[in-house]
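Below you'll find the structure, written out as structure tokens, and then a few comments.
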Amino acid sequence: MTQATRDNSNDISPELRQDLSLVLPLVQRAKGTAISAYLAGREVSVDEAVARAGDLIKVSVAPAIVGLSGLTIEAVREAVALSERLRARLLPLPAGDPIAWRMSVMQTATLGHACAVDLRVAFRDEVEGTHNPINEAIASRVPNTLFVQGNDLDALLKLRMLVREQGASAITSMTALPVKRVVVALPASVDVRIASQWHLLAAQLQSELRVSVITLSEMGKLHAAGNRRGVLEVITWQTGLSCATGGVDFADRAPRPCADAATLLSRGGLDVVVDTGLLPVETSLLSSVKHRIRIGDAVDATADVCFVTPGLRVGLRARVMRFDGVILWLCDDPSPQGGAMDDPVVGLFARWML
């Protein structure tokens with residue numbers, strides 16, 4: 001297959017490109033799978049860098065794969081297998097809200113569903129608040145918006161009482177429009193009591209209206225979080241342990257919970273770190289680390305070994321988990337015949353398994 005043919009085969013639909021750009025702001029189109037490698041900032045062959053990284057890992061007493069947010073679901077699976085083989089620690093970073101990350105993924109509305117409704121219910125505060133690209137994408141496609149006072153629990157309880165008495169007409173009378181499908185767009189900072197009442201209201205209306213409740217992600221956190229939701233779910237699937245408050249330690253072969261990455265790094269409990277986050281580990285946490293192997297999308301001259309890979313980029317035959325729990329391919333056609341390229345990080349980890 002020629003390079004020109006390969007590039008053409010990796011074109012993706014505008015819908016998928018928009019979906020990915022909303023939930024993974026740093027995602028780019030991959031134009032090839034070639035990995036470049038560096039030793040302390042000096043470019044070398046990939047084979048030489050793989051060998052050097054392998055030597056560092058083999059003599060390590062306390063190795064760890066840290067970050068993980070820059071990996072696809074396929075690459076995380078390989079990272080779990082590599083950690084088990086090396087008796088290493090698997091440490092997602094940065095840490096998130098423990099309560100939020102322990103919650104199961106529950107799909108209340110996908111972006112596709114949210115953009116195909118008749119009415120959007122939004123908080124009045126958002127008019128003067130910060131912009132959220134996901135919310136703006138929904139607003140641009142939904143013809144009508146009903147603004148409500150977001151922090152008024154009493155008003156919401158009264159609306160629920162009206163729905164109990166009048167059914168869907170309590171909502172349709174507020175808009176004077178024929179409404180069949182509704183999406184309620186909750187800001188990420190919404191009080192849990194408010195969110196729960198909207199879910200209860202949606203349940204009351206389901207026999208008459210199709211109501212979906214969606215919690216909008218905070219875009220600033222998405223920049224650093226990357227595929228964190230997918231990372232945590234894969235680790236749970238593979239190990240039976242949650243990384244909501246820490247990591248997984250394979251020192252005894254059987255996976256066991258351990259402290260989080262920041263704690264172990266600050267205590268000096270790690271000697272070799274494979275840094276795979278969407279953003280690199282903060283320098284202040286690396287003072288006790290003897291060697292760092294960086295896998296990312298840019299050259300890091302401070303790392304002993306650095307691999308620059310396509311990472312989370314459109315065109316790879318790999319998957320990420322969207323903020324609402326839906327798994328997306330990073331290409332339209334994931335079959336080899338479709339021309340999608342394999343995630344090169346999977347092969348990189350596999351070489352250290354030998």
Side-chain angles (χ1 to χ4, degrees), residues 3 6 28 30-93 226-227 231 234-235 238 247-248 250-251 261 265 270-281 283 286 289-313 315-319 330 336 340-354:
Q3 184 63 46
R6 173 177 291 177
Q28 302 173 29
K31 295 188 179 298
T33 57
I35 294 178
S36 56
Y38 302 82
L39 296 181
R42 176 178 58 87
E43 187 168 10
V44 298
S45 69
V46 173
D47 287 342
E48 183 179 349
V50 168
R52 174 58 179 160
D55 290 341
L56 295 176
I57 291 172
K58 288 175 184 176
V59 299
S60 173
V61 175
I65 301 179
V66 176
L68 304 170
S69 59
L71 303 180
T72 60
I73 285 175
E74 280 76 8
V76 177
R77 285 177 175 165
E78 200 70 28
V80 173
L82 179 61
S83 296
E84 185 175 16
R85 176 68 178 269
L86 300 175
R87 300 197 179 190
R89 293 182 176 94
L90 202 59
L91 305 172
L93 186 74
N227 194 36
V231 168
V234 170
I235 292 175
Q238 299 290 319
V248 176
F250 288 95
L265 286 166
L270 305 173
D271 59 354
V272 173
V273 164
V274 181
D275 183 358
T276 63
L278 199 64
L279 300 177
V281 175
T283 305
L286 295 171
V289 174
K290 293 181 180 179
H291 302 289
R292 183 167 66 101
I293 302 165
R294 171 68 178 153
I295 300 175
D297 61 358
V299 180
D300 187 339
T302 66
D304 296 80
V305 185
C306 175
F307 297 94
V308 179
T309 79
L312 290 174
R313 294 189 186 176
L316 296 178
R317 188 166 63 244
R319 293 168 292 179
L330 289 176
M341 301 173 290
D342 287 317
D343 182 353
V345 181
V346 175
L348 190 60
F349 283 147
R351 294 181 68 172
W352 291 329
M353 289 280 288
L354 302 177

For Pro310 and Ala34, which heavy atoms make the closest approach, and how far apart are they? CD-O, 4.3 Å
List for me each residue that meets side-chain contact (heavy atoms from CB on, under 4.5 Å) alongside Ala261, sequence neighbours excluded, and say none if there are none. Val66, Leu91, Leu93
Donor-acceptor list for residues 290-307 side chains, cut-off 3.5 Å, not counting sequence neighbours:
residue : atom : partner : partner atom : Å
His291  : ND1  : Asp304  : OD2          : 3.2
Arg292  : NH1  : Asp275  : OD2          : 3.1
Arg292  : NH1  : Asp300  : OD2          : 3.1
Arg292  : NH2  : Asp300  : OD1          : 3.4
Arg292  : NH2  : Asp300  : OD2          : 2.8
Arg292  : NH2  : Thr302  : OG1          : 2.6
Arg294  : NH1  : Asp275  : O            : 3.3
Arg294  : NH1  : Asp275  : OD1          : 3.2
Arg294  : NH1  : Gly277  : O            : 3.0
Arg294  : NH2  : Gly277  : O            : 3.2
Asp300  : OD1  : Thr302  : N            : 3.0
Asp300  : OD1  : Thr302  : OG1          : 2.5
Asp304  : OD1  : Arg292  : N            : 2.9

Smallest separation among heavy atoms of Gly311 and Leu316, with atom names: O-CD1, 2.7 Å
For a quick test of reading the model, state the closest non-hydrogen atom pair linking Ala53 to Trp352 and the distance between them. CB-CZ2, 3.4 Å
Listed partners of Glu48 passing side-chain contact (heavy atoms from CB on, under 4.5 Å), at least two apart: Leu39, Arg42, Val44, Ser45
Residues Leu82, Val274; criterion side chain to side chain contact (heavy atoms under 4.5 Å, CB included); working and verdict: CA-CA 11 Å; Leu82 179 61; Val274 181; over 6 Å; no
To the closest 0.5 Å, what do you measure between CD1 (Ile235) and CG (Leu90)? 4.0 Å
Beyond-backbone contact of Glu78 with Met353, side-chain heavy atoms, under 4.5 angstrom: yes
Shortest non-hydrogen pair, Leu68 vs Ala79, comes out as CD2-CB, 4.3 Å
Report yes if the side chains of Val248 and Ser83 come closer than 4.5 Å at any heavy-atom pair, otherwise no. no
After noting the C-alpha distance and the side-chain angles of Asp342 and Thr33, does the key distance pass the side chain to side chain contact (heavy atoms under 4.5 Å, CB included) rule? CA-CA 8 Å; Asp342 287 317; Thr33 57; over 6 Å; no
State, yes or no, whether a side-chain contact exists between Arg52 and Leu56 at a heavy-atom distance under 4.5 Å. yes
Before giving the answer on salt bridge (Lys or Arg N to Asp or Glu O under 4.0 Å), spell out for Arg319 and Asp343 the whole-Å C-alpha distance, their side-chain angles and the decisive distance to 0.1 Å. CA-CA 9 Å; Arg319 293 168 292 179; Asp343 182 353; over 6 Å; no
For residues Ile35 and Pro344, report the shortest heavy-atom separation together with the two atoms involved. CD1-CB, 3.7 Å
For the OG atom of Ser69 and the CG atom of Leu312, what is their distance to the nearest 0.5 Å? 8.0 Å
Is there a side-chain contact between Thr72 and Val345 (heavy atoms, below 4.5 Å)? no
Could you report the tightest heavy-atom contact between Val76 and Val234, atom names first, then the distance? CG1-CG1, 3.6 Å
So do Arg351 and Val46 actually touch side chain to side chain, heavy atoms under 4.5 Å? yes
I'd like to check Leu86 versus Ile65 (side-chain heavy atoms, cut-off strictly below 4.5 Å). Are they in contact? no
